[in-house]
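Since the structure comes first, as structure tokens, the remarks are kept for the end.
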2 protein chains.
Amino acid sequence: MREIAEEAGILSGSLYHHFDSKESIVDEVLRTFLEDLVARYRVAIQSGSDARTVLAEMVRIGFSTLEPHRAAVTVMQNDWNYLRSLPDNRFDYLVKAEDEVERMWIEQIKRGQAAGQFRGDVDPKLTYRMIRDTIWVAVRWFRPGGRLNPAGLAEHYVKVLFDGLGIGDRVSQQV
Amino acid sequence: MREIAEEAGILSGSLYHHFDSKESIVDEVLRTFLEDLVARYRVAIQSGSDARTVLAEMVRIGFSTLEPHRAAVTVMQNDWNYLRSLPDNRFDYLVKAEDEVERMWIEQIKRGQAAGQFRGDVDPKLTYRMIRDTIWVAVRWFRPGGRLNPAGLAEHYVKVLFDGLGIGDRVSQQV
DNA sequence: GTCTATAATTTGATAGAC
DNA sequence: GTCTATCAAATTATAGAC
């Protein structure tokens with residue numbers, strides 16, 4: 001709280017005029033982030049595009065939140081398990097939001113598999129988790145002004161995710 | 001410290017008979033982990049196999065540490081930046097170890113590109129970071145006894161990483 | 001090698017003046 | 001809306017008995 005107040009240019013006691021607790025600050029940061037994220041996912045999904053296009057767009061949306069929602073993504077990374085373990089039900093919406101997001105991703109992965117755009121021999125849920133992790137953990141090393149911006153990260157990842165690092169006869173490698 | 005002592009079945013004061021500070025505990029946990037990890041990477045690299053085989057093995061090694069080195073991986077995830085920021089130089093070896101590990105991975109990626117096993121239009125360093133993140137963050141949700149063991153996670157990831165999620169004419173998708 | 005007791009510091013939060 | 005002053009609890013660490 002003292003560090004937050006210092007960043008804001010006031011003393012820690014003054015923070016309690018704006019928020020009634022540390023949890024309330026976290027709450028506002030996370031709600032804003034999740035509402036924005038889910039809304040943008042919905043737009044991508046409702047675009048009517050094929051699964052591969054939608055999934056690529058969702059990857060781009062994810063990376064694009066790293067800058068505007070850096071604090072939220074960091075808190076999600078570091079304190080997710082802690083916030084969920086709190087005795088009050090204050091952060092129950094986190095699980096609700098995560099479940100909805102997971103459903104969105106998995107639906108697109110399954111739709112792509114059904115349409116023959118994605119290979120059928122991967123587990124949709126596990127694949128979602130790995131995509132999710134890759135995007136959000138980038139907040140730990142990503143710094144604005146570096147060699148690549150979030151859009152560049154997204155394009156690189158989409159390339160590897162969809163087409164793979166390897167070169168060669170795809171079919172013969174699918175055992 | 002109280003929680004660690006409780007897990008050990010003693011009181012917190014008694015811990016200081018075995019370690020002179022909290023940092024010393026973290027230090028021992030991380031050193032053990034990094035020595036094991038680097039040694040196993042070296043074995044894989046010195047096997048003389050082609051880059052693709054070595055890289056797949058390095059992925060397997062990474063996932064296989066999630067169970068035996070769960071505490072270390074968790075601390076690396078949560079406290080890496082903090083440990084590096086400490087005024088004393090006690091954890092300088094973390095950066096040294098990370099640099100060495102990064103060199104190992106990037107060398108294999110570049111070797112695979114030179115040999116035509118990996119596509120040349122991906123950034124080796126960025127690709128390494130994404131592989132690294134995907135492996136280690138799994139510690140946050142991976143629980144022994146679940147649907148998949150670490151070896152299963154590794155095989156799934158190797159499949160997606162090398163061959164991609166997509167199906168179709170690879171060349172036409174490389175713009 | 002562990003316990004009891006306690007020191008020293010950090011941290012979230014409050015009361016009331018201005 | 002911010003500051004001063006301070007509280008209460010938590011947390012790392014120490015001293016000395018057993």
Side-chain angles (χ1 to χ4, degrees), chain A residues 1-35 68-98 136-137 139-140, chain B residues 1-35 68-98 136-137 139-140:
Chain A
M1 294 299 279
R2 282 166 176 77
E3 289 173 28
I4 291 171
E6 193 179 4
E7 282 282 319
I10 56 179
L11 291 184
S12 65
S14 309
L15 272 181
Y16 290 85
H17 176 76
H18 305 276
F19 299 94
D20 63 8
S21 70
K22 189 179 173 183
E23 274 71 27
S24 291
I25 298 182
V26 172
D27 194 273
E28 182 165 319
V29 169
L30 292 186
R31 276 185 197 277
T32 306
F33 164 61
L34 289 172
E35 279 168 20
H69 293 288
R70 209 173 125 66
V73 176
T74 303
V75 170
M76 297 272 288
Q77 294 280 316
N78 293 340
D79 305 302
W80 174 267
N81 289 324
Y82 168 71
L83 294 174
R84 286 201 44 189
S85 77
L86 291 181
D88 56 3
N89 302 345
R90 155 157 226 176
F91 291 103
D92 282 359
Y93 71 91
L94 289 179
V95 180
K96 265 188 63 182
E98 186 188 42
W136 301 128
V137 188
V139 82
R140 207 172 292 150
Chain B
M1 294 299 279
R2 280 167 174 77
E3 289 173 30
I4 291 171
E6 192 177 5
E7 283 281 318
I10 57 179
L11 290 184
S12 65
S14 309
L15 272 181
Y16 289 86
H17 177 74
H18 305 276
F19 298 93
D20 62 10
S21 70
K22 190 179 173 182
E23 275 71 27
S24 291
I25 298 181
V26 172
D27 193 274
E28 182 165 316
V29 169
L30 292 185
R31 275 185 199 276
T32 307
F33 164 62
L34 288 172
E35 280 169 20
H69 293 288
R70 209 173 126 65
V73 177
T74 302
V75 170
M76 296 272 289
Q77 294 282 316
N78 293 340
D79 304 303
W80 174 267
N81 289 325
Y82 169 71
L83 294 174
R84 285 201 46 190
S85 77
L86 291 180
D88 57 3
N89 302 346
R90 154 155 228 177
F91 290 103
D92 282 358
Y93 71 92
L94 290 179
V95 181
K96 263 189 65 182
E98 186 188 43
W136 302 128
V137 187
V139 81
R140 207 172 291 151

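Every chain is numbered from 1 and lettered A, B, ... according to where its sequence line falls, protein lines coming before strand lines.
Atom CZ of A/R90 and atom CG of A/L83 lie 10.0 Å apart (nearest 0.5 Å). Atoms OG and CD, from B/S12 and B/E3 in turn, are 11.0 Å apart once rounded to the nearest 0.5 Å. The distance from the OG1 atom of B/T74 to the CE atom of B/M76 is 11.0 Å, given to the nearest 0.5 Å. Here A/L94 contributes atom CG and A/D27 contributes atom CG; the two are 8.0 Å apart, rounded to the nearest 0.5 Å.
When all heavy atoms of A/I25 and A/M1 are compared, the pair lying nearest together is CD1-CE, 4.0 Å. Heavy-atom minimum distance, B/L30 versus B/A72: CD2-O, 3.7 Å. Looking at every heavy atom in both residues, A/W80 comes nearest to A/V95 through CH2-N, 4.3 Å. Contact record, A/A5 with A/L11: CB-C, 3.5 Å, taken as the closest heavy-atom pair.
For DNA chain D, the residues of residues 7-21 of chain A within the heavy-atom distance limit of 4.0 Å (strictly under) are A/I10, A/L11, A/S14, A/H17, A/H18, sorted by number. If you check residues 71-84 of chain A against DNA chain C, you find no residue with a heavy atom closer than 4.0 Å.
A/D92 has no carboxylate O lying under 4.0 Å from a charged side-chain N of A/K96, or vice versa, which leaves the two without a salt bridge.
Scanning DNA chain C 5' to 3' for nucleotides with an atom closer than 4.0 angstrom to a non-hydrogen atom of chain B gives a first and last hit of C/dG1 to C/dT4.
Within a 6.0 Å sphere centred on CD of B/E23, heavy atoms belonging to other residues, nucleotides or ligands number more than 12.
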